[in-house]
Amino acid sequence: MIHHPPAGRDALIAYVMGLAMACPFEQDNPCDCPLHMLRKKALGDRLAWAKSLCDDELMKIATTHCICLEKKVDLQSKADRNAQTLPKENRRKAVSLRL
């Protein structure tokens, strides 16, 4: 499934605000994410930040996160397929390692 950023400034701001809340894949705040420090700020500060960005900046953030999400979904799918090829006694261990 290919993820695309939404069209239109208001939709982009809403999308980026969702990203400013948590990673869409992990529903957390991964340390390696460019928005990691932003997510620690107050909601009002995050909204002011998102509204201050130009359309190109909003699109770049949204596109970067769509690409990252695709990579994480792809890696998860590969891990799931690989776990299915393991003997039953090793599947549980493989699944628990990725959590």
Side-chain angles (χ1 to χ4, degrees):
M1 177 165 143
I2 297 174
H3 300 272
H4 297 283
R9 181 168 176 78
D10 290 341
L12 271 173
I13 289 173
Y15 185 78
V16 169
M17 279 303 296
L19 296 173
M21 302 301 287
C23 169
F25 183 77
E26 299 175 20
Q27 295 300 312
D28 198 1
N29 189 15
C31 294
D32 62 340
C33 179
L35 299 181
H36 177 77
M37 293 305 295
L38 177 70
R39 291 183 182 125
K40 294 182 176 196
K41 295 183 182 253
L43 182 60
D45 292 339
R46 288 181 265 173
L47 181 57
W49 169 81
K51 286 183 174 183
S52 75
L53 299 174
C54 70
D55 291 356
D56 287 343
E57 291 170 315
L58 288 166
M59 185 58 82
K60 183 178 178 183
I61 292 166
T63 301
T64 298
H65 277 79
C66 286
I67 292 167
C68 182
L69 180 59
E70 285 296 322
K71 288 178 183 177
K72 288 182 178 185
V73 168
D74 186 48
L75 286 172
Q76 182 67 55
S77 295
K78 287 177 183 174
D80 289 345
R81 284 193 303 272
N82 288 340
Q84 293 302 317
T85 63
L86 293 173
K88 283 186 181 180
E89 62 272 9
N90 292 341
R91 285 185 195 170
R92 187 176 195 178
K93 188 182 296 183
V95 170
S96 66
L97 290 177
R98 69 166 196 253
L99 295 178

Kindly indicate, with the supporting measurements, whether the criterion side chain to side chain contact (heavy atoms under 4.5 Å, CB included) is fulfilled by Glu57 and Ser52. CA-CA 10 Å; Glu57 291 170 315; Ser52 75; over 6 Å; no

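Contact record, Met17 with Leu43: CE-CD1, 3.8 Å, taken as the closest heavy-atom pair. Taking both residues in full, the closest heavy atoms of Arg39 and Asp28 are given as NH1-O, 4.3 Å, listed atom of the first, atom of the second, then distance. Closest approach of Ala50 and Leu58 over heavy atoms only: O-CD2, 3.7 Å.
A distance of 8.5 Å separates CG of Asp45 from CG of Leu38, quoted to the nearest 0.5 Å. Here the CE atom belonging to Met21 is positioned 12.5 Å from the CG atom belonging to Leu35, to the nearest 0.5 angstrom.
Contact check for Ile61 versus Tyr15: no side-chain heavy atoms found under the 4.5 Å cut-off. Phe25 is not listed as a side-chain neighbour of Leu75, based on a closest heavy-atom distance of 4.5 Å or more. Side-chain atoms of Val16 and His65, non-hydrogen and from C-beta on, never get closer than 4.5 Å to each other. Between Leu19 and Pro24 the shortest side-chain heavy-atom distance falls below 4.5 Å. The side-chain heavy atoms of Lys72 and Pro30, taken from C-beta on, include a pair separated by under 4.5 Å. Counting only heavy atoms from C-beta outward, the side chains of Glu70 and Asp74 never approach each other to under 4.5 Å.
Under a 3.5 Å cut-off, the side chain of Arg46 and the backbone N or O of Ala20 do form a donor-acceptor pair. The closest donor-acceptor contact from the side chain of His36 to the backbone of Asp32 lies at 3.5 Å or more, if one exists at all.
A salt bridge does not link Asp56 with Lys60: every distance from a Lys NZ or Arg NE/NH1/NH2 to an Asp or Glu carboxylate oxygen is 4.0 Å or more.
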